[in-house]
Amino acid sequence: MIATTSTHQEPSPSPPLTDAEIINLARQSQPQLHPYLLSPSSHPTILSHLKTRALSPSPSLAVSDYSLSLLSLISLSPHTPSLSSLLSSLLSEYTHLFLSLQIPRDSNSLKTISLFVTLLNNVTPKELVPVLDSIVENLPGLKTLEDTQVLDLVPGCLGFVLGENGKDCVGLVMDRVIESEWSKGLLVKMVFIARELMGFLDKARGKEFLNKVFKGMKGVDLQDLPSVVYQLLVLASKGFHKREVIEGIVVFFGSELGRKKGSSIVRQVEGTVLLHFNFAVKQDPSLGKEVLGLVRLDLRAINHFTIAVLFSVARVRRFSESSLGILKTALLTAYSDYKFAKDCKWLPDSLKEQCLQNVQKMEKAVLRAVNESTCGREHIVPTIMQLSFVLLESSQEGNHGEVSSPILGIEELGVQMLKTLFEVHDMARNEIIEQCKFRILSLKPEQSLPVIRLLGFLVRNYPYLIREQVSRLKDLLDYFTFMHGEVASNFFHALVPLLKFSQDLQDYCVLVVRKAMFRREDTVRLAAANAIINLLLAEKQSKREGPVSLQDSSSQASCSQQAEIPHGMGRGLFQELSGLLQRCLYQQAKVKDVIYQGLVKLVLVDQSTGGAVLDFLLPHFLRFFKEDVDFQLGISCCVKSVNGSVVIEEPLDSLLSCVSRILFLLPPGKTDHSNAPWPCFGFSISQENEGGRNLSIDSFSNSLLMIRKLVRNKKLEVEALPAELFLMVAFSLFYILAERKKRTSIKEKILLTVSLFHVRSDIIGQTSETSSVSGEEEKRKCCAFILSGIVDVLLNITASELEKATDLERVDLEPELVDFVNLSESLEKVVCARQNTGNKKGNVRATPHAMPKDIDLDSKRMAQERIPFLSTSSICQLMQTMLKLHGNELSKGHAASQDHSQSSSGKISKCSKLIAFLLNTILHHLKCFRNVGNDDLLRTSVYGEIKVLGPPLLKLIFLLKSGNTFTTEQKEKETKGMKDLENKEQFHLALLCLKELITISLNMPFLTSLLEDLVSISKIEYTELDNEYDEAMGIDDRNIRSQELFVIKFLKPLLSELLAKSRIREVESLCDMISMVGKKLPCKFRRSHGVWSVDICRSVGIRNPKVARSVVALAICLSSPPDDLIVAQDMAKDLLKFTGSEGNGAEEVSHSYTVINQKTVAVINACILQLVEGVIADMDWAIKKLKVLSLVTQNSILLIEDEEHPYGLQIENNLYLRAEGVVKILSSFVLMNLKDHQAEHLLRLTGKFYRHLAQMSKLRIAPKGCKQLLPSLTFQKLVELTCKELTVPMYNFVAEMQSEQENANGKGVINKIKRENKCIPDLIFQIEDYEKYLIQLSKLTKVNLLRYAKRSTARDFKIIDPGQVAMEEDAPNHEAGHDVDIAAENGSPEVSEDSEDDGGATPTPHAKRMKTGSVVQDSDEEM
């Protein structure tokens, strides 16, 4: 029955169908299966129609119509066995025709393949395997994206094959796919179908797949890259190797594609990719975490594209702070590494160069990311701006002006980023100004100054663009009176260049300044005074530059904009502000000082304004200079007492300096200034005004000449100057007059004395009645201080004349200089005299214009910060005059040495006073030079070329050096002692001046020329250094040659000579200079100086602690690693003989280092501990770098080429060697009997050192999943040395310290015990922590690292109660045990007491209770 039924159901044979009939059958509205299609015998004929159509003239449409018709008919009943067989045969045949290029690859073929994909589930897996094989075999032939249409079949085929044949078969297919050669079209297609293939790729094959993709992406067309990246990001969001995908994209666009950085298309492609990143992170935040983790883990991944990606990711709110924080941290780390490497002596030059390259690479990457922000990536502009301001806030004050630096620096990098945004992006300008406004008002003054400098930079370079922001700047000006004084002054100065482009802003500035001048706060009025000067200077500079300068902006405005720009700053600004200036002259002295200096700057900019400025100052000057009363100076009116403190109300010396400089700047013989633009000051060209101008100029000139003449003729009368001051001045002037060459009659001397004591009795009486004795004395000192400044002004005038004087005129001018110097010295004694000293002699201070102690603090600060009255050229002229006079008088002194004439002695004394005055002036001059900005107009006028002071200063040093020999030849012991002491003081002061000059020059471009000038003058002959001198002359580098010659030819010989004479302070100064210059020398040259310094320590017996400290510090500083630690080790061993328990002071001087003796032990100990502290700080940096490199190595990804980090190995080896040196040094110190403060310092240093040792040991332990490496021999040696020579003696050292605490009585030791109770437990904890990691490392490596550790050690320490010590009561014992346990191979340690101790058992105090710890197993073999 069953057979009959089946036979009855077999279809009867049907006539064959043509291909056209099949197509028509499929196109029917309700197609039905034809019996012919169900017959297996018809399948060859049906397939033959496919081959025939493939040979037609237009095979694409013919094959597509036929294939689609067949597939649509099969889909009606795909489960029918005959149709399933037909489907598999059709798939195989179509695939063959496609791969053999018999079918065109177009949209028709794509439709056909897509329909095949939907029917794959009806094909048996066995029949799919040949299809997969044919596709995989033909993969190398698929070149274009159209050729790869057939790959749409692969995921479906693999899915069905996987269910039938298992993972092994699918794995083999995927291996063949990955190993085949991929064209760029095939690569794109593989990425597109990767999401469907990810289920067939395990972890290893997935990495290989991605590796092949990213290696082949460099051949992909640029227009295809965004879509490829998008598909990869989608793939990563599905959990497919997220980090590898992110890293591959970043590395590709940062390196491979980055080489085509000149192409605008590349930048547009990158912009599109960044948008894809931003969208992907919004959809899947885990991708953002992977981006941050990649950069945080490995800084090598940072490039311009990585930075752009972080900027893009930062636009997502949840990643904003973290993205910018990572960028900031990376930049600051790179800068700090560079700074550390540059100053570190033990790092190799290759590593220093790499640190420099890392910084430069990051700077270029950041700037490139910012510069390319215009190409489809405007969405990252806000984050760029945010990071830029963060960098400005992070920049430290004073680090933005490094000369000839190979890097930009943090602040300059932020400025350059914002400059680019401001120039390119219109939408960013408003926000940048708003951010500047907000940060200037909200940040601390030191943080807001970089923002102000940014604003000034934008104003100078983009005035037309900034002009559009005037309304915002005016809003910021409203807060002028509420700003910090320095912030307000700098902000207003930054706006000055913009004033000539905006009359409205200028008028608003004037209004703001007027309001500020009426405020109570001194800082606000001082800022307002600076603002007034800036306004006047801006007007003058605008007129001097002319209208052409308005077109010099780097950002040109349109014609309509330029028409609106005023070509001047208004008319009569000086006249408009004259009332405000007049008010400034009634403010505090510091405000007046600013105005006086500003008026000089105004004349420097425009000399034609000199007459108007003098007209303005004349009425104010006449308040203090009265011609109708015998030419009196009202100095007493310049000083007043406020709330018990003396205040200088009028800096009369600054006023006279201002007037003298203006007169000097005026053209000679043109006092009428007929060509000056007086209308701008409100003056008309009239005979009356011309006469007024001549009157003011002539009046000032005559007044200065009169003051100078009166002082020169010793007839100066000062109104209301206190009597005691006039007593000292009178006797000093009387002495000066007596010593002059010209003869003076007794009558003239009497007239001089009477004129000096001509003081109005009513003024004296008034002051004595209204003031106390102490207040009167301070007022007297302040009057002398002002008069001393006036003398300096006259000295500057005389020196300027002397520079241009003829030989005949010099005869009169040179004695005048000497008289002024003597008068200045007398006034300095009055200023520096102590209160209630009676007949005690006041000491002259080492700086000119020394202020009394009880004077107002603001007046002191003003005296220290104001510009010196003597210019550099005047000081040089004075020095030349002094050298000439000294030479003449020295020769006369030798001629008159036979009879010891009094005149010769007096002349030498005169010259000595001149030398002392000059040295004090030079030192003050050089210290003030540091506080003057590079853009200050007075810098050139007052200081000029500061290096010109070097040659005459060095000549003076040699003169003083030789003069010392001359004075020792005097026969009278008292005279000899006084002169020798005076000569030593001057010689030391001269060296201080030279040291200050070299300190200034170290960061200046003129250092080389200065040293060359000094070397050419040096006259010291030191035969022992001839070989070094010859070698130095052969150095090609001019900078290095000049520094080396200066050290060899001057500093080292002079130091040797002064050491022989035990000149303490001079040796300190020379050691500082050698150290400063030596640090700039390369290691090769610095090493020779280090050897020389060590020889001094070995051979020269030094008993002065200060000298010993300087020499030892110099030897350590100049010794190159590892010599510095070797020297310190040798010295520490010798120090042990003096401070150790076995020494007991038996030796007076060390045999190895004669610098070590009983008097110098303490300071040398401090020097060596300071060295150890520096090495421990370096270790901290090195350990952090090794930790980062370790993390990079552990998490390294195949997409970034795995470098071997050779510099990491160098850091590690050097670190172990430095640590070994520290162990040897500390092992000597723990055996010493140190004083309390040094013992505490040693405990703290040792605790830090053990903490670093623990970190180093922890780094040697491999994390889970990584291979454990054996510790290096260097590390094992370090551990052995630490256990044997440091750990065991350290416990004895601690025990001894605590025994001393038990015996100590009194309240003086309470604080000491409190401090030690903190550092001793910390030290014990760090030791135990270090040994804990050693135990773990020993277990993992089977190397017994603690075999030299002391066994059965009672590591007890006591927490002693300071209160009980104070009450002298017995403190209970507190114990802390420490167990050391190293497991044997079988894992069961043996616990027993070991009576045999390798290093001898530690004696246990009777009062202590012992806690026995586990025994360290002793074995000769490694575990």
Report the residues that fulfil side-chain contact (heavy atoms from CB on, under 4.5 Å) with [X], sequence neighbours left out, ordered by chain and then residue number.
| X | value |
| --- | --- |
| S800 | F664, N796, S874 |
| N1039 | T1008, D1037, Q1043 |
| R810 | L802, A805, D807, E814, Q877 |

Does any non-hydrogen side-chain atom of [Y] lie less than 4.5 Å from one of [X]?
| X | Y | value |
| --- | --- | --- |
| L1007 | L1002 | yes |
| M1073 | M1076 | yes |
| E816 | L813 | yes |
| L878 | L870 | yes |
| F958 | L954 | yes |
| L1114 | I1096 | no |
| L1051 | L1055 | no |

Q. Can you list the steps and then say if L956 with L919 is a side chain to side chain contact (heavy atoms under 4.5 Å, CB included)?
A. CA-CA 9 Å; L956 178 59; L919 291 176; 3.4 Å; yes
Q: For the pair E1068 and R1065, find out whether any cationic side-chain nitrogen is under 4.0 Å from an anionic carboxylate oxygen.
A: no
Q | Salt bridge flag under 4.0 Å for residues K961 and E1057 | A |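 Salt bridge flag = yes for E1057 with K961.
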Using a 3.5 Å distance criterion without hydrogens, assess whether the side chain of [X] forms a donor-acceptor pair with backbone atoms of [Y].
| X | Y | result |
| --- | --- | --- |
| R1041 | E1012 | no |
| D593 | A589 | no |
| T798 | L794 | yes |
| S1075 | C1071 | no |
| S824 | V791 | no |

Once rounded to the nearest 0.5 Å, what's the spacing between atom [atom1] of [X] and atom [atom2] of [Y]?
| X | Y | atom1 | atom2 | value |
| --- | --- | --- | --- | --- |
| N1157 | R1103 | CG | CZ | 5.0 Å |
| L787 | C783 | CG | SG | 9.0 Å |
| L655 | C638 | CG | SG | 9.0 Å |
| F1046 | S1016 | CZ | OG | 11.0 Å |
| F929 | M1004 | CZ | CE | 4.5 Å |
| I1074 | S1069 | CD1 | OG | 11.0 Å |

Taking all non-hydrogen atoms of both residues into account, name the closest pair between [X] and [Y] and its distance.
| X | Y | result |
| --- | --- | --- |
| V948 | C876 | CG2-SG, 3.5 Å |
| V1015 | S1042 | CG2-O, 4.1 Å |
| F785 | D653 | O-OD2, 4.3 Å |
| E1066 | K984 | OE2-O, 3.2 Å |
| V639 | I786 | CG2-CD1, 3.8 Å |
| P951 | I1017 | CB-CD1, 3.1 Å |

Q: Tell me, please, which residues at least two apart from F1085 pass ring pair (Phe, Tyr, Trp, His ring centres under 6.0 Å).
A: none
Holding to side chain to side chain donor-acceptor pair (under 3.5 Å), I want the full list of residues that pass it with [X], two or more places apart in sequence or in another chain.
| X | answer |
| --- | --- |
| S941 | none |
| D1095 | none |
| R1086 | none |
| E803 | none |

Q) Run the side chain to side chain contact (heavy atoms under 4.5 Å, CB included) check on L1014 and K1049 step by step: do they pass? A) CA-CA 10 Å; L1014 296 179; K1049 198 173 179 181; over 6 Å; no
Q: Please lay out, stage by stage, how N1104 and V1067 fare under the test side chain to side chain contact (heavy atoms under 4.5 Å, CB included).
A: CA-CA 11 Å; N1104 185 276; V1067 169; over 6 Å; no
Distance-only criterion, 3.5 Å: show the donor-acceptor pairs between side-chain atoms of residues 986-995 and protein atoms not counting sequence neighbours.
unit_1: Q986; atom_1: NE2; unit_2: S912; atom_2: O; d: 2.9
unit_1: Q986; atom_1: NE2; unit_2: S912; atom_2: OG; d: 2.7
unit_1: K995; atom_1: NZ; unit_2: D1072; atom_2: OD2; d: 2.8

Q) Name the one of I946, T921, T872 that satisfies side chain to side chain contact (heavy atoms under 4.5 Å, CB included) with L926? A) I946
Q.
Applying side chain to side chain donor-acceptor pair (under 3.5 Å) as the test, list every pair that has at least one member in residues 947-956; sequence neighbours left out.
A.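 Those involving residues 947-956 are K947-S1009.
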Q. Once the angle between the rings of H925 and Y943 is folded into 0 to 90°, is it parallel (under 30°), tilted (30 to 60°) or perpendicular (over 60°)?
A. tilted
Q. Does CD in Q1170 sit with more than 12 non-hydrogen atoms of other residues, nucleotides or ligands closer than 6.0 Å?
A. no
Q | Intermediate values then yes/no, side chain to side chain contact (heavy atoms under 4.5 Å, CB included), K781 and E778 | A | CA-CA 5 Å; K781 294 179 182 180; E778 292 304 322; 3.6 Å; yes
Q: Just jot down the salt bridge (charged side-chain N to carboxylate O under 4.0 Å, His left out) partners of E945, sequence neighbours excluded, or say none.
A: none
Please list, one pair per line, the donor and acceptor atoms closer than 3.5 Å that link side chains of residues 1105-1112 to other protein atoms, with sequence neighbours excluded.
unit_1: S1110; atom_1: OG; unit_2: K1106; atom_2: O; d: 3.1

